[in-house]
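Next up is a structure, given as structure tokens.
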Amino acid sequence: MPKTNFQYDESGNTFYYFLLTFLGIILFPSTYYFWPQEEKVDPEKKKKYTAHAKETIYWEACLEKGERLEQKDPWKKFRNRVALFLIFIGWIFFAMIIYQISLFDYEMANFDPYEILGVAVSADKKTIKSQYKKLSLIYHPDKPTGNEKLFMKLRKAYDALTDETARYNWEHYGNPDGPQAMQFGIGLPSWIVEEQNSLYVLGVYALVFMIGLPVAVWYWWSRSSKYSGEQVLLDTTQLYYYFFHKTPHMMLRRVLMVLGASLEFERGHNSEIMERPTDNAEIPQLMKSLPNLGINNKEKPLCFGYSVKARALLFAHLSRIPLPKHTLHQDRLYIIKKCPYLIHEMVSCLSQLILLAHAGRIARLPSLDTVEATMKCSALAVQALWDKASPLMQLPHVEEDMLKHFYSKRRNIKGLKQLAMMSDEDRRSLLRSFSDDQYKDFVKVLGGFPHLSMTVTTEVVDDEKQHVVTAGSIITVTIRLERNSLNMYLGSLGEDEEGEERDGEDQELLDDEEDENAEKEAEKEEEDKKKGPAWKKPQQKKKAKKSGKPGKQKKKTSTKPEAGTEAAATEQKEGESGSDSEGEESGSEESESERGEKVDKSEKQMASEDDEEEQEWARFQKGVNKREKALSGKSRVSHSVHSPYFTDDKQEFWWVYISDRKSHSLITPPYHLTSLVTEEEVELKFTAPSKEGIYNFTVCVRSDSYLGTDLMDDIKLDVQKAWEAPTEHKQWEFSDDEEDDDGKDASEESEFAEDSEFEDDSD
């Protein structure tokens, strides 16, 4: 039996295979990832920030925003070039290793003596011998052209064709020497285990596994442990918890002060923060132009230098004050870029505090005004406006001096939708101070604003009566949101689309009326068929009169005029002889009508059962789709926000929640909707009040990017008394009398049969 040998690679063959595999694992995906590609710029983003009116404030803001979006990271290009250079060197090594492997001599891998000697398969021994002698004179080691390795191959090939034992071994084992020992080469060179190199090998192992790996893990853990899931510092989250618990009812300016105190803006926690010598002169000058900055506040860390600077830059951004381009303006851009993430973390902290307050863990409950003021800060930071500013200020070239024309008694336009629904002539006359280019910018931006519509349904899931709300039950509120833009109201195209929609609605109404008329006619025909032929109707009337039983038919006949009563009486006298046959016919007709009614009832029952099954199937499919959506992950792509004063591109996000306006409290935690493209469905659950009565709640949809686009819808819940849990189960109860009777019957039956029983059977 052949032996198995394990040994380190002496010649380097196996090590080359190992190295080739290792390089291939690294090179193939790295080449695919780092291969240079043309950077695709979203055309929608380019279109958003191209202004027609030149040399205006809006044009400058759009130009700067477009440059920021197209600006590439300078280090990114350098890193890509270094990566490509290393990949190129790796591919060179890869090719060299393949070439080296191709030079290896596999003398016994595919041993073919005919090919080695260069003779045909049909050659006889004489030809083989002469060819061997001829080649041995050339490759014999004693000759000048000798090659010992090749001569040994020639000798083995000659033996395999002439010697019977060698031929048998070649035919059965592939080698003229017989079965060989199986060798497993370790894919590392032998010098690794040599004694003189052991110190170096141990040093490399210690450097990689005892120093390098622990340091890398420590570095990763030290960075990741500082941040929450939204990449916000945990110290900042603790700061938010402290201030919102300290002041449950917080005004918007104080929310901005807490936002400015975030530790992301402090040099010790964030190395990206720049501290310049020019700040000592520029910051005090900026603070003088900002009223109500809260300089005299001595709370820590609101009074710290980094907090005052961030607050001043935030207030200057909301006031749209121009700043030095290379110093404070760059700091402002960085602070505003962080604001949406920090505000989202603020809302999450408030939700946690409200849950803790309801659970009795903390005494102070944050108010609804605090939550909504925090949410509003996000839209203010994105649009660079104060809370008291009009939503119309989000539009290009609109200034505060123009708002008095919008607020006139004749127009009274306060919202974006009102402005979009105006006719183009009225809107152009209102904005007659605009040039044509400015008006183009105005209409283009106005048409891009979102217009939401929502439908709200409430139900109690897993209950017999889903639309009956009982005290303490879990209410599921399903909010279906549809997103359109204000383009649907703008210009002549918008009017044409509205006209087409109206025509379509009128046509649908006409079609519905025609369908209803056709259904009524079909129902009449079915009723006539069930009643039978027309000549049998008077006979049924006679039978109804004779029977004297109250019924529908009797009521119908009583409504007819009394002029025909005499004729009916004479008919009764004349037709007494045929009354029996008429009664039989009428009885058969009644039986047919009863059968028809039974068939109708069974058909209705079948239809209702089918409807219930369809509803259950629809619910099941809905649940499956929701689970698949949850597993696929939460998308953060919706629509690009028009925000020329914001740092980067911003996507439309929304908060959806339910509140009680009467008690100024939050009923459900705000759901952060990040994937509203055209339609989206949100489910919110809360516990019904414990007392009976009628309660009013408000479903709120609030934008984190726009002002004046929020939605509110009131829902009215009639909370009824909770169902009483059944204490008695009749199907499992048995009376004592029944048990006694069963016992008597069992006792009367004897285990053994008597003779009298057999006698009775024989009789």
Side-chain angles (χ1 to χ4, degrees), residues 40-48 69 228-232 337-348 350-351 371-372 374-379 381-383 394 416 447-457 476-488 618-619 621-643 646-659 666 668-686 699-713:
K40 297 180 180 178
V41 181
D42 189 358
E44 186 180 354
K45 296 178 187 177
K46 275 189 172 182
K47 197 180 290 184
K48 276 183 181 294
L69 290 178
S228 65
E230 294 293 330
Q231 294 301 309
V232 177
K337 178 183 177 180
K338 292 284 185 182
C339 280
Y341 303 100
L342 298 174
I343 292 170
H344 180 242
E345 186 69 17
M346 281 184 164
V347 175
S348 300
L350 284 167
S351 302
V371 178
E372 292 185 339
T374 306
M375 291 178 179
K376 195 171 185 180
C377 286
S378 179
V382 172
Q383 297 296 334
Q394 300 172 101
L416 299 168
F449 273 80
H451 172 62
L452 297 189
S453 60
M454 69 173 171
T455 55
V456 181
T457 56
T476 301
V477 180
T478 305
I479 302 147
R480 185 175 182 80
L481 294 170
E482 293 184 9
R483 196 255 187 214
N484 294 309
S485 62
L486 292 180
N487 267 327
M488 58 190 296
R619 287 175 192 162
Q621 288 291 109
K622 193 175 179 183
V624 170
N625 293 335
K626 286 180 182 176
R627 283 192 290 272
E628 289 178 354
K629 203 169 192 180
L631 290 172
S632 63
K634 201 173 182 182
S635 173
R636 299 185 70 87
V637 177
S638 55
H639 290 272
S640 183
V641 177
H642 181 79
S643 51
F646 190 69
T647 309
D648 289 336
D649 179 57
K650 175 76 174 65
Q651 295 290 311
E652 286 181 14
F653 297 155
W654 307 84
W655 279 294
V656 186
Y657 58 96
I658 299 175
S659 62
L666 195 67
T668 63
Y671 178 82
H672 200 215
L673 182 61
T674 60
S675 58
L676 179 59
V677 180
T678 52
E679 291 183 3
E680 201 68 33
E681 203 171 79
V682 178
E683 275 191 3
L684 300 177
K685 296 183 179 182
F686 65 98
V699 179
C700 306
V701 181
R702 191 172 290 274
S703 174
D704 76 334
S705 307
Y706 292 114
L707 298 173
T709 58
D710 303 337
L711 271 183
M712 290 188 182
D713 190 11

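As a basis for the values below, the full set of heavy atoms in this structure was taken, side chains included, without hydrogen atoms, waters or symmetry mates. Residue numbers start at 1 and run along the sequence shown.
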Any donor-acceptor pair under 3.5 Å from His672 side chain to Trp654 backbone: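 Such a contact is absent between His672 side chain and Trp654 backbone.
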Side chain to side chain contact (heavy atoms under 4.5 Å, CB included) against Tyr341, all qualifying residues, sequence neighbours excluded: none
Heavy-atom side-chain proximity of Asp704 to Ile343 below 4.5 angstrom: no
Spatial distance of atom CG (Leu666) from atom OH (Tyr657) [nearest 0.5 Å]: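 Rounded to the nearest 0.5 Å, the CG-OH separation comes to 7.5 Å.
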Any residue meeting side chain to side chain contact (heavy atoms under 4.5 Å, CB included) with Lys338, in chain and number order, not counting sequence neighbours: Phe265, Tyr334, Leu342
Qualifying residues under ring pair (Phe, Tyr, Trp, His ring centres under 6.0 Å), relative to Phe449, sequence neighbours excluded: Tyr706
Candidate pair Leu452 and Leu676, rule side chain to side chain contact (heavy atoms under 4.5 Å, CB included), full reasoning: CA-CA 10 Å; Leu452 297 189; Leu676 179 59; 3.8 Å; yes
Heavy-atom check, side chain of Gln383 versus side chain of Val641, under 4.5 Å: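 Sidechains of Val641 and Gln383: in contact.
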Heavy-atom side-chain proximity of Gln394 to Leu416 below 4.5 angstrom: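 The answer is yes, as the side chains (C-beta and beyond) meet within the 4.5 Å cut-off.
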Contact check, side chains of Asp710 and Ser703, non-hydrogen atoms, under 4.5 Å: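 Yes - at least one pair of side-chain heavy atoms lies under 4.5 Å apart.
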Point-to-point distance, once rounded to the nearest 0.5 Å, from CD of Glu482 to CD of Glu680: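 Rounded to the nearest 0.5 Å, the CD-CD separation comes to 11.5 Å.
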Set of side chain to side chain contact (heavy atoms under 4.5 Å, CB included) partners for Asp648, sequence neighbours left out: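 Residues passing side chain to side chain contact (heavy atoms under 4.5 Å, CB included) with Asp648: Lys337.
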Distance-only donor-acceptor check, side chains Lys650 and Ser705, under 3.5 Å: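 Lys650 vs Ser705: donor-acceptor pair found between side chains.
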Any Leu673 side-chain heavy atom under 4.5 Å of Val701 side chain: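 Answer no - side chains too far apart.
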Partners passing salt bridge (charged side-chain N to carboxylate O under 4.0 Å, His left out) against Glu652 (at least two apart in sequence or in another chain): Arg483
Derivation and outcome, side chain to side chain contact (heavy atoms under 4.5 Å, CB included), residues Val699 and Met712: CA-CA 6 Å; Val699 179; Met712 290 188 182; over 6 Å; no
Approximate separation, where rounding is to 0.5 Å, of Arg702 CZ and Leu707 CG: 10.0 Å
Side-chain touch Ser378/Trp655, heavy atoms, less than 4.5 angstrom: yes
pair Thr674-Gln651: side-chain heavy atoms closer than 4.5 Å: no
Any Val456 side-chain heavy atom under 4.5 Å of Val477 side chain: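 Result yes, sub-4.5 Å side-chain heavy-atom pair found.
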Residues in salt bridge (charged side-chain N to carboxylate O under 4.0 Å, His left out) contact with Lys376, at least two apart in sequence or another chain: none
Flag, side chain of Thr668 to backbone of Ile658, donor-acceptor distance under 3.5 Å: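 Side chain of Thr668 to backbone of Ile658: a pair is present.
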